[in-house]
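Accompanying notes for the structure given below.
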There are 2 protein chains.
Amino acid sequence: MVPEEQETCCRGAGAMHGPERPCCRRAGGGGGGALVEPAALAALLNRGAHGYDVRRAISELTGGELEVDAGGLYRVLRRLEAEGFVVSAWSEGDSGPQRRDYEITSEGRELAEDWLSHLRERQRVAGLLADVLSAALAPSKV
Amino acid sequence: MVPEEQETCCRGAGAMHGPERPCCRRAGGGGGGALVEPAALAALLNRGAHGYDVRRAISELTGGELEVDAGGLYRVLRRLEAEGFVVSAWSEGDSGPQRRDYEITSEGRELAEDWLSHLRERQRVAGLLADVLSAALAPSKV
DNA sequence: GCCCACTAGCTGCATCTCGCATATAGTGTT
DNA sequence: AACACTATATGCGAGATGCAGCTAGTGGGC
């Protein structure tokens, strides 16, 4: 992993650098849409883990393209638990800082399926709009 | 008065149906990411028009898949003007309610190009995450 | 005359996600 | 002791969106 070229305007879900173009700047909030929650679910589908590990898993599963904020991830995990999509328990006996082990529930699995279709839909709409934009930018090149 | 049929979840940013799943519910804010601005730019690239017409144009260009909120659209247009990406003028002489005609500037065209690559990137990331989710959901079906 | 629908523009308000900074602990290293 | 790394968590502000509501002009039905 050699991230020398950080051209990616949306490294995480909206990291940017150039204060020039608002198009990128506007990725601040929901810029790319909700990504952390589905990413966390995907990581937990593979295997139960604690938050810090989930973060690493997300990075690995996506080839380092999705680096989620740790704070945000913990928030998402707590919320998912409050809504019954994951369960957690303090992992005891280990040395080191306390860890909270998460596991996905059957409801969480259903939620992941919903996310899947949702993401496909989002992908489709983004492509559709991109095509429209592309056509509008180069009408002569039809 | 609680609206019984709240089908609307992400009608604009990605049509959905299930009212239960928070995956859809969370489309409230940045749910599908910024779409109104690029859509407005695409509409104005085709031809200058007033806001209400831009809204119709967006709907038509996307085959009715993207129905943006009128209020939000006006807000976006005003902001785009404040930043120099479009210009507007009150259209006079017409009967009926006052209309503000918008036209895209050369800077707006550049912005649209940025949006294009941004959308392609977003499309790619959404697809990537969808693939990861898909693989995690059906590991046996490799 | 009165009410309503449609076009047209605009403003609040609530909600959601995200990134960055910061606080807390425990453990191991220098 | 100071520092780095793991691990969890909270505070704060920014952006984008949807919904409801307000102003105004025009025209149609009762």
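Each chain gets a letter, A, B and so on, in the order its sequence line appears, and its residues count up from 1.
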If you check every side-chain atom of Asp69(B), which of dG9(C), dG18(D), dC18(C) has the closest atom? dG18(D)
Flag the pair Arg75(A) and Asp69(A) as a salt bridge only when some basic side-chain nitrogen lies within less than 4.0 angstrom of an acidic carboxylate oxygen. no
Among dA8(C), dA9(D), dT17(D), which nucleotide has an atom closest to any side-chain atom of His50(B)? dA8(C)
Check the phosphate of dT6(D) against Arg99(A), side-chain N and O only, distance under 4.0 Å to OP1 or OP2. Yes or no? no
Got a sec, which pairs hit salt bridge (charged side-chain N to carboxylate O under 4.0 Å, His left out) with one end in residues 42-52 of chain A, sequence neighbours left out? none
Could you tell me the separation between the CZ atom of Arg55(B) and the OH atom of Tyr74(B), rounded to the nearest 0.5 Å? 8.5 Å
Step by step, would you call Glu81(B) with Arg100(B) a side-chain contact (heavy atoms from CB on, under 4.5 Å)? CA-CA 12 Å; Glu81(B) 180 172 27; Arg100(B) 192 191 283 272; 4.2 Å; yes
Leu73(A) has an atom CG; how far is it from atom P of dT10(D), in whole Å? 13 Å
Most 5' of Arg100(B) and Pro38(A) on DNA chain C, judged by nearest nucleotide: Arg100(B)
Hey, can you pull the residues of residues 52-62 of chain B with a non-hydrogen atom under 4.0 angstrom from DNA chain C? Tyr52(B), Arg56(B)
For a quick check of understanding: with a heavy-atom distance under 4.0 Å over all strands, which category does Arg75(B) fall into, base, sugar-phosphate or nothing? base
Flag yes if Leu133(B) and Leu73(A) sit in one hydrophobic cluster, no otherwise; membership is Ile, Leu, Val, Met, Phe, Trp, Tyr, and two members link when side-chain heavy atoms are under 4.5 Å apart. yes
Round to a whole Å and report the spacing from CD of Glu67(A) to P of dC18(C). 15 Å
Leu128(A): which other cluster members, linking ILVMFWY side chains closer than 4.5 Å, directly or transitively? none
Between CH2 of Trp90(A) and C1' of dT24(C) the distance, given in whole Å, is 11 Å
How many whole angstroms separate atom CG of Leu129(B) from atom P of dC18(C)? 11 Å
Between the main-chain N or O of Ala130(A) and the side-chain N or O of Ser134(A), is there a donor-acceptor pair closer than 3.5 Å? no
Whole angstroms only, please: what is the CZ-P distance between Arg78(B) and dG15(D)? 19 Å
If you assign Val76(B) and Gly71(B) each to the DNA chain D nucleotide with the nearest heavy atom, which residue ends up on the more 5' nucleotide? Val76(B)
Of the listed nucleotides dT17(D), dG9(C), dA9(D), the one nearest the side chain of Tyr74(A): dA9(D)
